[in-house]
Asks: 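Pasting a structure below so you can have a look.
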Amino acid sequence: MFGKGKKEKKPKNKARKIIEWTLTGIFAALLVGIVIIQIINRTSKNQNVFGPQYQKVLTDSMSPVYKVNDIIVIEKANPQDIYRRVNEKHQDVDLSFYWDVYGTKRSMTHRLISVTYYEEVQFEAGSEYGFHYTFVAHGINKRSEFCKLSDGTYGDCTTQTQTFHEDAIIGRVTRKSHFMTFATSIWGLLIFLLVPCMYLIITSVLDIFKAVKDDDEVPAGAGGEVVGEASDKPKDPLAGLSEKEKEKLKKQMLDEMLGKKK
């Protein structure tokens with residue numbers, strides 16, 4: 001009978017392993033990041049996640065500085081630091097704060113135009129809440145869809161102000177995340193998610209086809225030799241003979257040897 005020889009499976013190339021692990025890591029990190037951003041954009045609670053927070057711009061009120069779908073980075077800030085930046089350093093401060101939008105408390109990001117400090121605690125009319133700071137902010141887009149007028153024409157966000165106190169502050173905008181903005185866009189999703197997925201799927205399919213092909217091949221020849229591979233074992237001169245034929249051949253050889261001795 002013919003025996004089957006086993007082929008050694010070659011281990012994956014080291015460079016290929018590194019590429020696959022890197023792509024898998026990027027895919028997982030981006031997937032988690034996108035999920036976190038979607039969650040924090042749909043909640044009205046405190047949106048701080050692991051220190052800085054990332055918010056997706058949903059309106060055009062701060063265009064062209066922050067466009068719709070941009071991802072902005074927000075850091076925690078105390079009222080005193082904000083007061084100094086606006087009144088002493090005369091910096092442009094974009095602040096994220098809670099604001100009542102059509103009866104629902106939502107986060108909003110606009111530019112401060114003034115900060116007032118009261119040494120004595122102030123109280124809102126009809127409320128027991130006391131505060132020391134009053135902030136006034138507005139958008140910067142003068143042809144905004146978000147700030148449009150009642151007749152449907154574009155509105156000037158600089159004429160529509162919001163007044164709030166320190167209890168409404170979420171944080172100060174420090175920068176726009178270009179990477180996260182691109183990663184959460186359609187092209188970013190295609191490049192960072194679809195491409196790694198397609199690569200992993202294609203390589204997995206190729207590995208499966210290769211394994212099936214190797215199993216379907218008959219790698220052994222007569223006497224258990226592996227076809228196409230060099231064998232270290234010496235060839236058996238009796239290979240291919242049945243047991244009966246082998247015994248007959250041995251008997252003939254023995255008779256010849258005894259005959260020569262006589």
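The first residue in the sequence is number 1, and the count goes up from there.
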Asks: Taking it one step at a time, do Y83 and H132 satisfy side chain to side chain contact (heavy atoms under 4.5 Å, CB included)?
Replies: CA-CA 11 Å; Y83 177 87; H132 287 281; over 6 Å; no
Asks: Taking side-chain hydrogen bond (donor to acceptor under 3.5 Å, both in side chains) as the cut-off, I'd like each qualifying pair that reaches into residues 173-183, sequence neighbours left out, listed once.
Replies: D70-K176
Asks: Ignoring hydrogens and angles, state whether a donor on the side chain of N87 or Y117 is under 3.5 Å from an acceptor on the partner side chain.
Replies: no
Asks: Could you pull out all residues at least two apart from F135 that satisfy ring-ring contact (aromatic ring centres under 6.0 Å, His included)?
Replies: F164
Asks: Is any side-chain heavy atom of Y54 less than 4.5 Å from a side-chain heavy atom of V73?
Replies: yes
Asks: Should D100 and K105 count as side-chain neighbours, where that means a heavy-atom distance under 4.5 Å?
Replies: no
Asks: Could you check whether any side-chain heavy atom of H110 comes within less than 4.5 Å of a side-chain heavy atom of M62, counting everything from C-beta outward?
Replies: yes
Asks: For N69, give me all partners under side-chain hydrogen bond (donor to acceptor under 3.5 Å, both in side chains), at least two apart in sequence or on another chain.
Replies: none
Asks: For V136, which fellow cluster members are found when Ile, Leu, Val, Met, Phe, Trp and Tyr are connected by side-chain heavy-atom distances below 4.5 angstrom, either directly or through intermediates?
Replies: I113
Asks: Which atoms form the tightest heavy-atom contact between V68 and L58, and what is the distance?
Replies: CG1-O, 4.2 Å
Asks: With rounding to the nearest 0.5 angstrom, report the CD to CD1 distance, Q53 to I74.
Replies: 4.5 Å
Asks: With sequence neighbours left out, write down each residue that passes side-chain hydrogen bond (donor to acceptor under 3.5 Å, both in side chains) with E128, or none if nothing qualifies.
Replies: none
Asks: Would you compute the distance between atom CD of Q160 and atom OG of S61 and round it to the nearest 0.5 angstrom?
Replies: 9.5 Å
Asks: Roughly how far, to the nearest 0.5 Å, is CE of M108 from CD1 of I170?
Replies: 10.5 Å
Asks: For the atom pair CZ (F179) and CD1 (I71), what is the distance rounded to the nearest 0.5 Å?
Replies: 11.5 Å
Asks: For residues 152-171, which residue pairs qualify under salt bridge (charged side-chain N to carboxylate O under 4.0 Å, His left out), counting only residues two or more places apart or in two chains?
Replies: none
Asks: What I want to check is whether the side chains of H165 and E124 have a donor and an acceptor closer together than 3.5 Å.
Replies: yes
Asks: side-chain hydrogen bond (donor to acceptor under 3.5 Å, both in side chains) with R172: which residues, sequence neighbours excluded?
Replies: none
Asks: If only atom types and distance count, is the side chain of Q122 paired as donor or acceptor with the main-chain N or O of E120 below 3.5 Å?
Replies: yes
Asks: Got a sec, which hydrophobics cluster with Y118, joining ILVMFWY side chains under 4.5 Å apart, including via others?
Replies: Y129, F131
Asks: Please find the pair of heavy atoms, one from V121 and one from G130, that lie closest to each other, and give the distance.
Replies: CG1-CA, 3.5 Å
Asks: Could you list all the disulfide bond (SG atoms under 2.5 Å apart) pairs where at least one residue sits in residues 73-122, not counting sequence neighbours?
Replies: none
Asks: Mind jotting down which residue pairs meet the salt bridge (charged side-chain N to carboxylate O under 4.0 Å, His left out) criterion with at least one end in residues 194-206? Sequence neighbours excluded, please.
Replies: none
Asks: Are more than 12 heavy atoms, taken from residues, nucleotides or ligands other than I186, located less than 6.0 Å from that residue's CD1 atom?
Replies: no
Asks: Can you tell if the side chain of S107 reaches within under 4.5 Å of the side chain of Q55, non-hydrogen atoms only?
Replies: yes
Asks: Does the side chain of E145 reach to within under 4.5 Å of the side chain of Y154, using non-hydrogen atoms?
Replies: yes
Asks: Rounded to the nearest 0.5 Å, how far apart are CH2 of W99 and OG1 of T163?
Replies: 6.0 Å
Asks: Hey, are the side chains of V173 and Y66 touching, using non-hydrogen atoms and a 4.5 Å cut-off?
Replies: yes
Asks: One pair to check against side chain to side chain contact (heavy atoms under 4.5 Å, CB included): Q162 and F97. What are the steps and the verdict?
Replies: CA-CA 10 Å; Q162 300 82 43; F97 55 93; 4.0 Å; yes
Asks: Scan residues 122-188 for pairs that pass disulfide bond (SG atoms under 2.5 Å apart), counting only residues two or more places apart or in two chains.
Replies: C147-C157
Asks: Does D94 pair with R111 as a salt bridge, N-O distance under 4.0 Å?
Replies: yes
Asks: Going by the rule salt bridge (Lys or Arg N to Asp or Glu O under 4.0 Å), which residues pair with K67 if we only count those two or more places apart in sequence or in a different chain?
Replies: none
Asks: State the CG-CD1 distance between D60 and I140, to the nearest 0.5 angstrom.
Replies: 10.5 Å
Asks: Could you report the tightest heavy-atom contact between N141 and S63, atom names first, then the distance?
Replies: CB-O, 3.5 Å
Asks: Report the C-alpha separation of I169 and I82 in whole Å, then their side-chain angles, then the decisive distance to 0.1 Å, and conclude whether the side chain to side chain contact (heavy atoms under 4.5 Å, CB included) test is met.
Replies: CA-CA 10 Å; I169 295 175; I82 298 170; 3.9 Å; yes
